[in-house]
Amino acid sequence: MRVISLSSLKGGVGKTTVTLGLASAAFARGLKTLVVDMDPQSDASTGMDVIVGRHLNISHLLASPRSSQVKNAIVPSGWTRSHKGTVDVLLGSPSAMAFDSPSLTKREIWRLEEILAAVEDDYDIVLIDCPPSLNGLTRMAWTASDRVAVVTEPGLFSVAATQRAFRAVDELRRGVSPRLQPLGVIVNRVRPQSIEHQYRIDELKQMFGALVLQPELPERAALQQAQGAASPLHVWPGESAEEMAMNFDLILDRVIRSVQLATPESA
Ligand SMILES: Nc1ncnc2c1ncn2[C@@H]1O[C@H](COP(=O)(O)OP(=O)(O)O)[C@@H](O)[C@H]1O
Ligand SMILES: [Mg+2]
């Protein structure tokens with residue numbers, strides 16, 4: 001089981017969009033996929049069409065990480081009603097906010113890792129949608145991860161914010177979790193005609209080189225439409241959904257290479 005965090009210091013740059021896009025790509029490829037919704041806003045849970053009902057959620061597990069309870073906080077995505085495969089969601093909750101403190105004890109920082117150990121044999125890939133900060137929830141997510149992808153828009157402060165995020169990844173690797181590595185920067189909401197955007201992308205490439213993941217993701221209404229319908233992008237109709245599905249396939253390829261994950265195709 002390989003674990004990937006999708007992070008950024010800012011909200012609204014596309015963490016959830018990238019999480020859902022990669023989940024859709026992994027599902028389409030037949031990977032057993034778990035999405036962990038660490039953001040108290042719980043948008044990933046909504047986007048994956050889950051029925052919350054009386055299930056436990058991430059905040060219960062963070063409060064008391066008993067392995068016997070972990071599966072009670074995980075539900076199948078509604079995506080599996082119409083398509084075969086495994087894609088589950090560890091439910092998010094506004095109550096998770098209580099764990100987003102700037103300082104965590106040594107025990108607390110390992111809590112998500114502890115939780116995920118209970119489902120180690122059940123999934124190929126775990127995608128963690130992180131909150132827009134570097135506080136407790138993100139640190140727990142990173143400590144449980146093999147790779148961190150930083151999502152950014154091509155804006156004025158994107159280099160500085162990305163740098164700060166990578167520095168924090170580095171610190172955590174040296175302090176707590178030697179297996180943690182940056183996957184790279186995912187540049188989202190690009191308007192290819194925008195000179196400003198091209199300038200910012202060049203800046204990111206000068207700074208981070210091959211860590212700027214290809215392709216960059218353009219701004220496309222189809223993404224919002226698929227999300228609004230809580231549908232996987234890979235079955236949403238239209239050329240622009242197809243283009244975005246292909247973009248996420250390529251980024252998933254990069255993830256798979258980076259963590260040396262065996263896929264159904266390679267088996
Ligand atoms: N590439 C894109 N093209 C069009 N809309 C996008 C794109 N990326 C994100 N959005 C939209 O922008 C909003 C914020 O994105 P979201 O993924 O929720 O950001 P975050 O999780 O970082 O807060 C959402 O409404 C989403 O549908
Ligand atoms: Mg989000």
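Remember, predicted model here, so these are calculated numbers, not experimental data. Start at 1 and go down the list; that is how both ligands and their atoms are numbered. Below, each value reflects all heavy atoms present in this structure, side chains not excepted, and no hydrogens, waters or symmetry copies.
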Practice prompt. Would you indicate whether the side-chain heavy atoms of Lys15 and Val13 approach each other to under 4.5 Å?
Written response: yes

Worksheet item: What part of Thr17, side chain, backbone, both or neither, has a heavy atom within less than 4.0 angstrom of ligand 1?
Response: both

Discussion item. Under the criterion side-chain hydrogen bond (donor to acceptor under 3.5 Å, both in side chains), I'd like the reasoning laid out for Ser258 against Arg147: C-alpha separation, chi angles, the key distance, then a yes or no.
Written reply: CA-CA 8 Å; Ser258 172; Arg147 296 289 182 277; 2.7 Å; yes

Worksheet item: Trp79 vs Phe27 aromatic rings, parallel, tilted or perpendicular, using cut-offs 30° and 60°?
Response: tilted

Worksheet item: How does Asn188 reach ligand 1, by side chain, by backbone, by both or by neither, if only non-hydrogen atoms under 4.0 Å count?
Response: side chain

Worksheet entry | Minimum heavy-atom distance Met140-Arg111, with the two atoms named | SD-CB, 4.0 Å

Discussion item. When you compare ligand 1 with Gly14, is there at least one nitrogen or oxygen pair between them that comes in under 3.5 angstrom?
Written reply: yes

Worksheet item: Can you check whether Met244 has an N/O within less than 3.5 Å of an N/O in ligand 1?
Response: no

Worksheet item: atom 12 (O) of ligand 1: which protein heavy atom is closest, and how many Å away?
Response: Arg189 NH1, 2.8 Å

Worksheet item: Should you measure from each heavy atom of Gln224, which atoms of ligand 1 turn up under 4.0 Å away?
Response: 4 (C), 5 (N), 6 (C), 11 (C), 27 (O)

Practice prompt. Tell me, please, if Thr16 has any N/O/S atom, main chain or side chain, under 2.8 Å from the Mg ion (ligand 2)?
Written response: yes

Worksheet item: Taking the non-hydrogen atoms of Ser8, is any one of them nearer than 4.0 angstrom to ligand 1?
Response: no

Fill in: ligand 1 contact on Gln227 by region, counting heavy-atom pairs under 4.0 Å
side chain

Response to the item:
closest protein heavy atom to atom 18 (O) of ligand 1 is Thr16 CB, 4.0 Å

Worksheet item: Counting from 1, what ligand 1 atoms have a heavy atom of Leu223 closer than 4.0 Å?
Response: 1 (N), 2 (C), 3 (N), 7 (C)

Worksheet item: Shared ILVMFWY cluster between Leu252 and Val212, side chains joined below 4.5 angstrom?
Response: no

Discussion item. Taking CD in Gln163 as the centre, count heavy atoms belonging to other residues, nucleotides or ligands within less than 6.0 Å. Is the count above 12?
Written reply: yes

Worksheet item: Identify the closest protein heavy atom to atom 14 (C) of ligand 1: which residue and atom is it, and at what distance?
Response: Gly12 O, 3.8 Å

Discussion item. Is a donor from one side chain sitting under 3.5 angstrom from an acceptor on the other, for His234 and Asp249?
Written reply: yes

Worksheet item: Among protein heavy atoms, which lies nearest atom 3 (N) of ligand 1, and at what distance?
Response: Arg220 N, 2.9 Å

Discussion item. Could you check whether any heavy atom of Pro218 sits closer than 4.0 Å to an atom of ligand 1, since that is the contact criterion I want to use?
Written reply: yes

Discussion item. Tell me the contacting part of Glu219 for ligand 1: side chain, backbone, both, or neither, using a 4.0 Å heavy-atom threshold, strictly below.
Written reply: both

Fill in: Contact summary for His197 and Arg191, nearest pair of heavy atoms
ND1-N, 3.0 Å

Worksheet item: Do you know which two heavy atoms are closest between Ile109 and Lys106, and how far apart they sit?
Response: CG2-O, 3.3 Å

Practice prompt. Output the list of atoms in ligand 1 that are nearer than 4.0 Å to some heavy atom of Lys15, sorted by atom number.
Written response: 17 (O), 19 (O), 20 (P), 21 (O), 22 (O), 23 (O)

Worksheet item: Closest approach of Leu20 and Gln227, non-hydrogen atoms and distance?
Response: CD1-CG, 3.8 Å

